[in-house]
Amino acid sequence: MARIPINLSTGKLEQASNIIVGIDLGTTNSLVAYLKEGKARAVSDEAGKNSLVPSIVHFAQDERVVVGEKARAFLTTEPQNTIYSVKRLMGKSYKDMEEHQQYFGYKIIDEDTESLVKVRVKDKFYTPIELSAMILKELKQRIERDLKASVSKAVITVPAYFNDAQRQATRDAGKLAGLDVLRIINEPTAASLAYGIGLDMDASSTIAVYDLGGGTFDISILHIEQGIFEVLSTHGDTFLGGDDFDKAIVDYWMEEHGFNFEENEQGKRFQQALRLAAEQAKKTLSTRDDFQTTVAAYTCKLTKEQFNALIQPLVERTLQSCKQALKDAKLTVDDIDNVVMVGGSTRVPLVKESVAALFGKPVFDEVNPDEVVALGAAIQADVLAGNNKDILLLDVTPLSLGIETMGGLMDVIIPRNSKVPSKAGRQYTTSVDGQTRLKVAVFQGERDLVKDNRKLGEFILEGIPPMPAGLPKIEIQFILDADGILQVKAKELRSGVEQSIKVRSTYGISEEEMAKMLIDSIQNAKQDMEVRSLLEARNEANNILLSADKFLTQNAALLSEEEITKTKELTNLLRIATEETDKDSINAAMDNLNEFTNPLAHRVMDVNIKEALSGKKV
Ligand code: ADP
Ligand code: MG
């Protein structure tokens, strides 16, 4: 069934676009891009000039919300009503931000230090999610105006180091802005895609993505193989960026002229003018050798050489981070195939030159560095739209993946929030003598019992050579690719028989269902744990019963009548206990049996060893 949207205010048919857009939700600037005729393109403002939307939200007198360039003017005049750098607050508690409060010109609420931060504007409180949603709404309007159609699907980028809470907050912000966030992808991954790295399924490479923005710096080392991006390491400084370059220039001019800011309107205005002039100087010096302007009748000059000297220590700090990231990834500069430059501040020639010198190779800088992340997100979005079937990326697995073990227990092999792609395995064995088949049932979810989780599929490993229980070594491997496709392999290592299946871990499950599964697992955690420990006790008891029976039949000749009777009596008590639901009584019965049979087992073993040494067959 097709739905035809009608705009009620105009009475016209409303065009809904199928385009999935790519969004770079930045600390300093945000932008939206999409694929037009096979080429990623950032969407500009109405004047067709600027694609960057400053990530600033201003609350005007009449409660109106102003976002972007128009909000910037209020940064110095009305700092308490003008919110910037909200990305820094995403998924953070007040405690996380405590030591940084002075960085923000606005009020961060501290009523409960454990809970997530809120921003106070006048007499209202806003969460970072709501504030980010305001920026996203502005971007949504921008692209809808451009496409003359409504847009509802997006891919949003986040730094590689963002944790699950921060990624979730970003997703929620998208939802609040009326966007269906199909994927959250890492900024360095997006930047690589913009350069076409990762689009060739046969190529493999290791790259460094150097991202110097307005207020943050990060370096990520990625390994890309078969279109799968793996983050090997990240490093950086969340309080180092182009704004610090501006500040260094302001400080330099202030000292030169002996300026002092007065704590009044005029002083503020002068400070703001000086800061803007400094940014102007910095940008100019990216392409020229000197700069000059007048601020309030003062001449402010700066040469490229002077500028380089001012920022040298800051650039040096980023290089130290690069070295650390290489070290963490256990690589050297020679292992790096390409270096990708991201962020407006990488336009500064000294930055580019220093990074190229460190890595010993020219850097990738042809794509506009402040658009490159959004452009890459648009490429990823296009892949998701099904226009490029080759690659798909998934950042983390939302739910744990595992198999059913004895008694219906869930044995997690890949825990939730594992980075994707991911590979993990574990060894199992049989529980019955002569067992030749093993059922491998694959489940997804957080509950302890598989019956409460989602079944993804099952298969049977057949042809296990008959062996006593516990002897076969069956290795189960989970290989989850970037597409959310899970391959489960089972292999009996002694005989080499193997079997595998592929299942789609994200197929047919919505965000809401995933959220519900998580909530259920938290609410039932205590009860689940009790059931789990009962089942585990039962499993252990069954194994012990099995070996006790074996022990009796194999060693009857070495045991006294009394010992045999007593052992049988204790195994019977244990068998009865396993049929009840009290794990403590099972454990007690196990202890009793063990205590009695241990010395017997030692004695029997000694006899066996002696006989073996004297050459007799047992
Ligand atoms: P973020 O990722 O933090 O949102 P951006 O990548 O948009 O930030 O980078 C913004 C920074 O880039 C600002 O500090 C800005 O002054 C700086 N910048 C933009 N253009 C230039 C340029 N031509 N030369 C030097 N710095 C620039
Ligand atoms: Mg950025």
Side-chain angles (χ1 to χ4, degrees), residues 22-33 42 49-57 67-69 72 75 83-90 103 132 135-136 138-139 156-162 166 170 185-192 194 209-220 234 236-250 275-289 291 302 304 307-308 310-311 314-315 318 340-355 365 367-377:
I23 293 178
D24 173 3
L25 184 59
T27 311
T28 319
N29 295 302
S30 299
L31 69 157
V32 56
K49 272 167 55 190
N50 206 344
S51 60
L52 301 185
V53 175
S55 306
I56 307 171
V57 179
V67 176
E69 206 57 61
R72 192 208 285 275
L75 274 181
I83 317 303
Y84 58 92
S85 281
V86 64
K87 187 175 181 177
R88 293 186 184 282
L89 303 176
M90 292 292 263
Y103 169 90
S132 297
I135 299 169
L136 290 172
E138 176 76 19
L139 295 173
I156 304 181
T157 60
V158 296
Y161 59 79
F162 255 30
Q166 294 169 299
T170 307
I185 69 165
N186 289 334
E187 288 163 13
T189 300
S192 323
V209 181
Y210 178 103
D211 184 346
L212 190 58
T216 60
F217 165 69
D218 50 274
I219 171 85
S220 311
T234 65
D237 188 331
T238 48
F239 286 91
L240 172 62
D243 299 346
D244 298 293
F245 294 0
D246 305 346
K247 198 173 166 300
I249 300 174
V250 169
R275 213 196 59 76
L276 289 176
E279 189 173 1
Q280 184 72 48
K282 172 183 76 175
K283 288 184 178 172
T284 305
L285 294 174
S286 285
T287 48
R288 294 170 59 172
D289 288 337
F291 172 84
L302 195 68
K304 190 168 163 182
F307 174 61
N308 284 351
L310 289 176
I311 62 168
L314 301 171
V315 176
T318 69
V340 174
M341 299 301 259
V342 180
S345 302
T346 60
R347 285 227 174 80
V348 174
L350 180 73
V351 171
K352 255 189 246 189
E353 290 155 16
S354 309
V355 176
D365 63 352
V367 181
N368 184 340
D370 25 48
E371 290 185 352
V372 63
V373 167
L375 297 178

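Whatever order the structure lists ligands and atoms in, that order sets their numbers, starting from 1.
Counting heavy atoms closer than 4.0 Å to ligand 1, residue Asp243 contributes atoms from both its backbone and its side chain.
Atoms of ligand 1 lying under 4.0 Å from any heavy atom of Val348, numbered from 1 in the order shown and given with element: 25 (C). Less than 4.0 angstrom separates some heavy atom of Glu279 from each of these atoms of ligand 1: 15 (C), 16 (O). Using a 4.0 Å cut-off to heavy atoms of Gly343, the atoms of ligand 1 that qualify are 6 (O).
Of the polar atoms of Ser345, at least one N or O is found under 3.5 Å from an N or O of ligand 1, judged by distance alone. The shortest N or O to N or O distance between Gly344 and ligand 1 is below 3.5 Å. Of the polar atoms of Asn29, at least one N or O is found under 3.5 Å from an N or O of ligand 1, judged by distance alone. An N or O contact shorter than 3.5 Å is missing between Gly26 and ligand 1 by distance. Distances between N or O atoms of Asp211 and those of ligand 1 include no value under 3.5 Å.
For Ser345 (side chain) and Gly213 (main-chain N/O), a donor-acceptor pair under 3.5 Å exists by modelled atom type. One N or O on the side chain of Arg88 and one on the backbone of Thr238 form a donor-acceptor pair closer than 3.5 Å.
Of the protein's non-hydrogen atoms, the one nearest atom 24 (N) of ligand 1 is Ser286 OG, 2.8 Å. The single protein non-hydrogen atom nearest to atom 1 (P) of ligand 1 is Thr28 OG1, 3.6 Å, given as residue, atom name and distance. At the top of the distance list for atom 19 (C) of ligand 1, counting protein heavy atoms only, stands Lys283 CE, 3.5 Å. Looking only at heavy atoms of the protein, atom 2 (O) of ligand 1 is closest to Gly213 CA, 4.1 Å.
Going from atom CE of Met341 over to atom CZ of Arg347 covers 11.5 Å, rounded to the nearest 0.5 Å. Once rounded to the nearest 0.5 Å, the distance linking CG of Leu136 with CD1 of Ile156 reads 5.0 Å. Here OG1 of Thr27 is found 10.5 Å from CE of Met90. Values are rounded to the nearest 0.5 Å. Summarising the geometry, atom CD1 belonging to Ile56 is positioned 10.0 Å from atom OG belonging to Ser30; distances are rounded to the nearest 0.5 Å. One distance of note links CG of Asp370 with CG of Leu52; it measures 4.5 Å at 0.5 Å rounding.
The two residues Pro54 and Asn29 make their nearest non-hydrogen contact at CA-OD1, 3.5 Å.
Looking at Gly242, Pro159, Gly214, it is Gly214 that brings a heavy atom closest to atom 11 (C) of ligand 1. Between Arg347, Gln280, Lys282, it is Lys282 that holds the heavy atom closest to atom 26 (N) of ligand 1.
Of the options Ile83, Val57, Ile23, a side chain to side chain contact (heavy atoms under 4.5 Å, CB included) to Ile135 is made by Val57 and by none of the others.
In summary, Glu187 and Lys87 engage in a salt bridge, as defined by a charged side-chain N under 4.0 Å from a carboxylate O.
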